[in-house]
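Comments concern the structure below.
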Amino acid sequence: EDVIDPIPGKNIVLTIDSNIQYFAQQALIDTLKTYDGKRATCTILDPKTDAVLAMVDVPGVDPEHWQDASMSSLSEKAISANYEPGSVFKAITSVAGLETGTITLKSTFYSGGSIKVFDTVVHDLYPYGTMNLYAMLQHSSNVAFCQLSMKIGAKSFYDCVSRYGFGKPTGIDLPGEESGILLPTSLWSNTTLPTMGFGQGVAVTAIQMANFYATIANGGLMQRPYVV
């Protein structure tokens, strides 16, 4: 029988910062306790390089007893779970509005507290009145962002959202990445465009959202997140 001596391998150095990872994990644990939540995930990127500094799922898996964990808990939720983003998607609508020239920073929209769009009524917490983009984001106005996405138009909004990395994998060097769900405009209902303006009718992954915000912090240059 031939015996082949082992060849020393090379070191693998992760981008994860153990201190940031620890504090992120503790923050998620505290958040679940405070709000009686079932699951939370956190991804922190270095916006200059897109290196993953922390990626935490809570509850996690004990690596010494991984065989006792459920199959769903073994996947990294930051890359493998599609979810409806809600209000954090308003930054995408804002950038799309500015980039397409639909609005400027001085453009205004009005919220009387609600607006009817076809057979759907969109609500705000309060009637915020006339708002520029800063106030729209400050108040997280569904009514205003509903109007903005409709003003951008279906094709232009879809093109922007797709170009910002949604509906496709980021290409992170981890297995099991989902693409999110961005339907073609031919499958949109009457209310898809207005509700997508405030983050409904579209599904994303946490790494996609983190990558988009990192792109803003990096002056608009989008990169591929990585851990090795």
* At their closest point, which heavy atom of Gln200 faces which heavy atom of Glu84, and how far apart are they? -> CA-OE2, 3.5 Å

* To do: I would like to know whether Phe198 and Val122 meet side-chain contact (heavy atoms from CB on, under 4.5 Å); could you show each step before the answer?
  => CA-CA 10 Å; Phe198 52 88; Val122 175; 3.7 Å; yes

Can you give the donor-acceptor pairs under 3.5 Å from side chains of residues 220-228 to other protein atoms, not counting sequence neighbours?
unit_1: Gln223; atom_1: NE2; unit_2: Lys48; atom_2: O; d: 3.0
unit_1: Arg224; atom_1: NH1; unit_2: Gly171; atom_2: O; d: 3.1

* Asked: Would you say Ile172 and Ile79 make side-chain contact, with heavy atoms under 4.5 Å?
  -> yes

* To do: Spell out, as yes or no, whether a donor-acceptor pair under 3.5 Å connects the side chain of Asn142 to the backbone of His123.
  => yes

* Structure fact -> Separation between OG (Ser141) and NZ (Lys90), nearest 0.5 Å, reads 6.5 Å

* **Closest non-hydrogen atom pair between Ile152 and Thr93, with its separation** => CD1-O, 3.9 Å

* Asked: Which pair of heavy atoms, one from Ile20 and one from Ala54, lies closest together, and at what distance?
  -> CG2-CB, 3.7 Å

* Does a side-chain heavy-atom distance below 4.5 Å link Ser162 with Lys168? -> yes

* Side-chain contact, heavy-atom cut-off 4.5 Å: Val161 with Leu182? -> yes

* Any salt bridge between Lys155 and Asp159, counting N to O under 4.0 Å? -> yes

* Any side-chain heavy atom of Ser94 within less than 4.5 Å of one from Phe145? -> yes

* Asked: Does any N or O in the side chain of Ser149 come within less than 3.5 Å of the main-chain N or O of Cys146, such that one atom is a donor and the other an acceptor?
  -> yes

* Under 3.5 Å side-chain donor-acceptor pair for Asp57 and Thr41 -> yes

* Give the minimum heavy-atom separation between Thr205 and Gly180, together with the two atoms involved. => CG2-N, 4.3 Å

* Asked: Under 4.5 Å between side-chain heavy atoms, hopping through other hydrophobics if needed: is there a path connecting Ile44 to Phe23?
  -> no

* Asked: For the residue pair His139 and Tyr128, does the interplanar ring angle fall in the parallel (under 30°), tilted (30 to 60°) or perpendicular (over 60°) class?
  -> parallel

* **ILVMFWY cluster, Tyr22 and Leu14 together (side-chain gap under 4.5 Å)** => no

* Tyr83 atom OH, neighbour heavy-atom count above 12 within 6.0 Å -> yes

* Asked: Quick one: do Ile103 and Leu105 end up in the same hydrophobic cluster if we chain Ile, Leu, Val, Met, Phe, Trp and Tyr together by side-chain heavy atoms under 4.5 Å apart?
  -> yes

* **Leu187, CG atom: more than 12 neighbouring heavy atoms under 6.0 Å** => yes

* Asked: For the hydrophobic clusters of this structure (ILVMFWY residues joined by side-chain heavy atoms under 4.5 Å, transitively), does one cluster hold both Met136 and Tyr110?
  -> no

* Is it true that a side-chain atom of Asp124 and a backbone atom of Val143 form a donor plus acceptor pair closer than 3.5 Å? -> yes

* What is the minimum heavy-atom distance between Lys38 and Pro59, and which atoms define it? -> O-CD, 3.3 Å

* Asked: Just checking, is any N or O donor in the side chain of Glu177 or Thr170 under 3.5 Å from an acceptor N or O on the other one?
  -> yes

* **Working for side-chain contact (heavy atoms from CB on, under 4.5 Å), residues Leu45 and Asn211** => CA-CA 7 Å; Leu45 303 178; Asn211 199 36; 4.1 Å; yes

* Does any N or O in the side chain of Trp188 come within less than 3.5 Å of the main-chain N or O of Ala154, such that one atom is a donor and the other an acceptor? -> no

* Within one Ile-Leu-Val-Met-Phe-Trp-Tyr cluster: Tyr126 and Tyr134, side-chain cutoff 4.5 Å -> yes

* **Side chain proximity check, Phe166 to Gln208, heavy atoms < 4.5 angstrom** => yes

* Are side-chain heavy atoms of Val58 and Thr31 found at a separation under 4.5 Å? -> no

* To do: Please check if the side chain of Thr15 supplies one atom and the backbone of Val52 the other of a donor-acceptor pair under 3.5 Å.
  => yes

* To do: Check whether any side-chain heavy atom of Leu193 lies under 4.5 Å from a side-chain heavy atom of Met196, and answer yes or no.
  => no

* Hey, are Lys77 and Glu178 close enough for a salt bridge, meaning a charged N less than 4.0 Å from a carboxylate O? -> no

* Asked: Which of these, Phe157, Tyr158, Phe212, sits in a ring-ring contact (aromatic ring centres under 6.0 Å, His included) with Tyr164?
  -> Phe212

* Asked: Can you check side-chain contact (heavy atoms from CB on, under 4.5 Å) on Leu32 and Asp30, steps first, answer last?
  -> CA-CA 6 Å; Leu32 287 189; Asp30 293 343; over 6 Å; no

* **Heavy-atom pair of closest approach, residues Gln147 and Ile115** => CG-CD1, 3.8 Å

* To do: Begin with the C-alpha distance, continue with both residues' side-chain angles, and end with the deciding distance and a verdict on side-chain hydrogen bond (donor to acceptor under 3.5 Å, both in side chains) for Ser87 and Ser140.
  => CA-CA 7 Å; Ser87 289; Ser140 191; 3.2 Å; yes

* Asked: So, the side chain of Gln21 versus the backbone of Met55: is there a donor-acceptor pair under 3.5 Å, distance only?
  -> yes

* Donor + acceptor pair across side chains of Thr191, Thr120 (<3.5 Å) -> no

* If we only count heavy atoms from C-beta on, is the Met131 to Thr108 side-chain gap below 4.5 Å? -> no

